[in-house]
A.B. asks: 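Let me begin by handing over the structure; questions about it come next.
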There are 2 protein chains.
Amino acid sequence: MAERGSLPLHTQIAELLIRDVAAGRLIDGERLKPEREMAVEMGIAVGTLRKALHKLTAMGMLQRVQGSGNYIRASAKPNAVYSLFRLELVRGGGLPTARVLDIARLAKDPALPPFGTAPDAHRIRRLRYLSGIPAAVEEIWLDGSHAEVIAIEDVSESLYLHYRQRLGLWISRVEDRVGQGPLPDWAPREFPVAGGALLPLVHRLSFGQDGRSAEASLTWYDPATTRYVARFS
Amino acid sequence: MAERGSLPLHTQIAELLIRDVAAGRLIDGERLKPEREMAVEMGIAVGTLRKALHKLTAMGMLQRVQGSGNYIRASAKPNAVYSLFRLELVRGGGLPTARVLDIARLAKDPALPPFGTAPDAHRIRRLRYLSGIPAAVEEIWLDGSHAEVIAIEDVSESLYLHYRQRLGLWISRVEDRVGQGPLPDWAPREFPVAGGALLPLVHRLSFGQDGRSAEASLTWYDPATTRYVARFS
DNA sequence: AGGAATTTGTGCGTATGTATC
DNA sequence: AGATACATACGCACAAATTCC
């Protein structure tokens with residue numbers, strides 16, 4: 001197998017396994033065959049397979065236990081990345097939904113941190129909710145090189161799911177900054193509910209192996225109802 | 001070389017290089033010797049060195065360029081952990097220092113998130129500065145099982161350096177929450193400078209390989225001068 | 001309880017491809 | 001075009017953790 005294309009073999013193997021998880025051919029908790037066996041069946045070296053498995057581990061889709069085996073960890077959550085850096089209610093949790101206000105393809109705003117390679121980008125403006133409570137307004141800039149057009153239906157729910165499933169992008173690096181700043185003038189008038197000061201959050205995502213940054217976003221959230229959670233492990 | 005058997009060799013090599021960067025023995029932009037040469041000098045295999053170099057790359061401290069070489073990318077980072085989750089000036093950067101207000105060994109506050117195994121903990125209260133500007137007040141709870149006593153001199157500068165060098169603890173997991181809350185009554189009167197509302201940051205650290213949580217801390221920072229930066233890669 | 005079998009972790013060495021100089 | 005240097009891939013040996021008998 002492994003008809004060599006442009007991508008490295010271990011990357012192809014990793015994506016093959018990811019598709020297997022997404023398609024339900026590998027289910028949560030399932031134990032994979034031993035590495036050596038898998039490698040022989042796939043016609044590749046153990047080290048190559050191990051690289052692929054390590055990538056899945058980093059994505060939180062796999063748990064490797066020495067002396068035991070490799071176990072699929074396909075969380076019930078829409079995706080795992082979401083749980084690394086997310087907004088949640090001050091009282092904890094909250095079901096995230098979003099209303100897309102506007103999508104446009106524009107030249108990049110020079111005020112943004114640098115990202116991507118194309119001169120233009122998709123600008124997505126959303127109002128985000130947690131369990132129905134308005135939590136944040138958000139402006140996302142996705143580099144123009146990854147898609148021709150993005151429709152509102154595409155990104156109404158889980159944006160990152162769309163990235164991964166439709167655009168083939170997976171997150172390799174995230175950088176966030178929480179500071180101070182004014183509310184943007186395009187925010188809906190009903191938000192924030194209590195009329196207090198919002199916290200701005202500059203979010204920067206990099207995709208794929210090369211780690212080139214491909215998205216920059218600005219989020220303003222309401223600290224009266226919402227908090228920002230970051231997790232590293 | 002590489003006598004201590006506790007940590008994997010490639011991890012030891014990575015930390016060695018990190019210390020070299022932190023100590024200024026390797027400066028920004030410097031080109032390392034070829035992998036083969038380095039490996040021979042260190043008495044290790046090329047593959048082992050490569051693992052270490054990949055780790056530095058993931059941490060953003062190194063750029064690997066095929067056909068050219070390995071280049072140090074040190075943008076004035078005191079240490080690696082600090083750069084993952086840190087406070088910095090709104091205008092960027094800032095040299096972190098701290099003044100210890102109080103250290104005590106107490107029973108754990110039940111209001112804190114659970115951490116560690118001992119019934120009591122060291123409580124460290126600090127006022128933190130960035131380039132001399134008061135940035136945050138902080139209350140740190142370190143599980144009592146890791147040290148008998150902690151002196152003010154120990155933790156006046158880099159707390160995490162003390163953890164790793166004196167207590168043998170290295171950070172394996174971090175979880176942060178930024179929300180809303182009141183200023184603690186023990187904060188110095190001169191802080192915050194502008195008298196505005198502070199942002200509370202609940203910080204939870206786990207140490208070692210087992211990932212048992214060993215520290216919980218509460219930080220209140222001044223968004224007028226300071227922002228919180230989180231990075232994942 | 002204990003030992004053998006299983007399975008992943010670590011480290012080493014090598015060959016070939018590919019980008020840079 | 002040639003030399004240099006990192007990227008990828010392969011395979012082996014032993015260590016460490018787990019599982020099973």
Side-chain angles (χ1 to χ4, degrees), chain A residues 1-17 26 29-73 117 172 208-212, chain B residues 1-17 26 29-73 170 172 208-212:
Chain A
M1 84 152 359
E3 25 256 289
R4 54 165 205 288
S6 49
L7 288 167
L9 185 52
H10 63 81
T11 302
Q12 295 181 42
I13 299 294
E15 301 201 346
L16 179 79
L17 293 169
L26 294 174
E30 183 167 347
R31 178 178 172 281
L32 301 182
K33 289 188 194 177
E35 291 174 342
R36 267 104 174 161
E37 272 183 55
M38 281 184 72
V40 170
E41 289 181 10
M42 292 175 154
I44 61 174
V46 181
T48 306
L49 175 60
R50 287 171 62 82
K51 247 182 199 170
L53 294 178
H54 277 299
K55 181 174 291 187
L56 292 225
T57 304
M59 296 172 68
M61 302 175 61
L62 187 75
Q63 189 184 6
R64 293 168 63 73
V65 183
Q66 182 177 168
S68 179
N70 293 299
Y71 301 88
I72 297 291
R73 288 287 172 261
T117 54
S172 68
Q209 248 198 338
D210 51 6
R212 283 177 310 198
Chain B
M1 86 151 353
E3 49 278 356
R4 288 216 307 275
S6 54
L7 288 170
L9 185 53
H10 62 83
T11 303
Q12 295 181 42
I13 299 294
E15 301 212 343
L16 179 79
L17 293 170
L26 294 175
E30 182 167 346
R31 179 180 173 281
L32 300 183
K33 290 188 195 178
E35 288 176 342
R36 260 70 173 207
E37 274 182 53
M38 281 184 72
V40 169
E41 289 181 10
M42 292 175 154
I44 61 173
V46 181
T48 305
L49 176 60
R50 285 173 63 81
K51 253 183 195 167
L53 295 178
H54 276 300
K55 183 174 290 188
L56 292 225
T57 304
M59 296 172 71
M61 302 175 61
L62 187 74
Q63 189 184 6
R64 294 168 63 73
V65 183
Q66 184 177 167
S68 177
N70 292 301
Y71 300 88
I72 297 291
R73 289 287 173 261
W170 69 96
S172 68
Q209 269 196 327
D210 52 4
R212 282 176 311 200

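Computed from a predicted model, the values in this text were never measured in an experiment.
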A.B. asks: Lys51(B) NZ to dT8(D) C1': how many Å, rounded?
C.D. replies: 15 Å
A.B. asks: Given dT7(C), dC6(D), dT10(C), which nucleotide is nearest the side-chain atoms of His10(B)?
C.D. replies: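 Nucleotide nearest to His10(B)'s side chain: dT10(C).
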A.B. asks: Whole angstroms only, please: what is the CE-P distance between Met38(B) and dC6(D)?
C.D. replies: 10 Å
A.B. asks: In whole angstrom, what separates Glu37(B)'s CD from dT4(D)'s C1'?
C.D. replies: 11 Å
A.B. asks: Distance from Lys51(A) atom NZ to Ile44(A) atom CD1, nearest 0.5 Å?
C.D. replies: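 Reported value, rounded in 0.5 Å steps: 11.5 Å.
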A.B. asks: Checking the side chain of Arg31(A) only, and the main-chain atoms of Ser68(A) only, is there a donor and an acceptor separated by less than 3.5 Å?
C.D. replies: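 A pair under 3.5 Å: yes.
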A.B. asks: State the CG-CZ distance between Leu32(B) and Arg64(B), to the nearest 0.5 angstrom.
C.D. replies: 9.5 Å
A.B. asks: Can you measure Leu53(B) atom CG to dA5(D) atom P for me and round it to whole angstrom units?
C.D. replies: 14 Å
A.B. asks: Sequence neighbours excluded, which residues qualify as side chain to side chain contact (heavy atoms under 4.5 Å, CB included) partners of Glu30(A)?
C.D. replies: Leu26(A), Ile27(A), Ile72(A)
A.B. asks: Nearest 0.5 Å, please: how far is OG1 in Thr48(B) from CG in Leu53(B)?
C.D. replies: 10.5 Å
A.B. asks: To the nearest 0.5 Å, what is the distance between CD (Glu37(A)) and CG (Leu49(A))?
C.D. replies: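 Atom-to-atom, Glu37(A):CD and Leu49(A):CG are 11.5 Å apart.
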A.B. asks: Measuring to OP1 and OP2 of dC6(D), would you say a side-chain N or O of Asn70(B) lies under 4.0 angstrom away?
C.D. replies: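 Answer yes for this pair, as a side-chain N or O of Asn70(B) is under 4.0 Å from OP1 or OP2.
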A.B. asks: Check the pair Leu17(B) / Leu62(B) against side-chain contact (heavy atoms from CB on, under 4.5 Å), numbers first and verdict last.
C.D. replies: CA-CA 10 Å; Leu17(B) 293 170; Leu62(B) 187 74; over 6 Å; no
A.B. asks: For nucleotides 19-21 of chain D, list the nitrogen or oxygen atoms of the protein found under 3.5 Å from its nitrogen or oxygen atoms, one pair per line.
C.D. replies:
none

A.B. asks: So which protein nitrogen or oxygen atoms get under 3.5 Å of nucleotides 10-15 of chain D's nitrogens or oxygens?
C.D. replies:
residue : atom : partner  : partner atom : Å
dC10(D) : OP2  : Ala45(A) : N            : 2.9
dC10(D) : OP2  : Thr48(A) : OG1          : 2.3

A.B. asks: Could you give the CZ-to-C1' distance, from Arg31(B) to dC6(D), as a whole number of Å?
C.D. replies: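 That distance rounds to 11 Å.
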A.B. asks: Could you state the CD-C1' distance from Gln63(B) to dA7(D), rounded to the nearest angstrom?
C.D. replies: 15 Å
A.B. asks: Between Arg50(B) and dC6(D), is there a side-chain N or O to OP1/OP2 distance below 4.0 Å?
C.D. replies: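 Looking at the OP1 and OP2 atoms of dC6(D), neither is under 4.0 Å from any side-chain N or O of Arg50(B).
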A.B. asks: Could you tell me if the side chain of Met42(A) sits less than 4.5 Å from the side chain of Leu16(A), heavy atoms only?
C.D. replies: yes
A.B. asks: Working to the nearest 0.5 angstrom, can you tell me the gap between Lys55(A) NZ and His10(A) NE2?
C.D. replies: 6.0 Å
A.B. asks: Rounded off to whole Å, could you give me the NZ-to-P distance for the Lys55(A) and dA9(D) pair?
C.D. replies: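 Nearest whole value for this atom pair: 10 Å.
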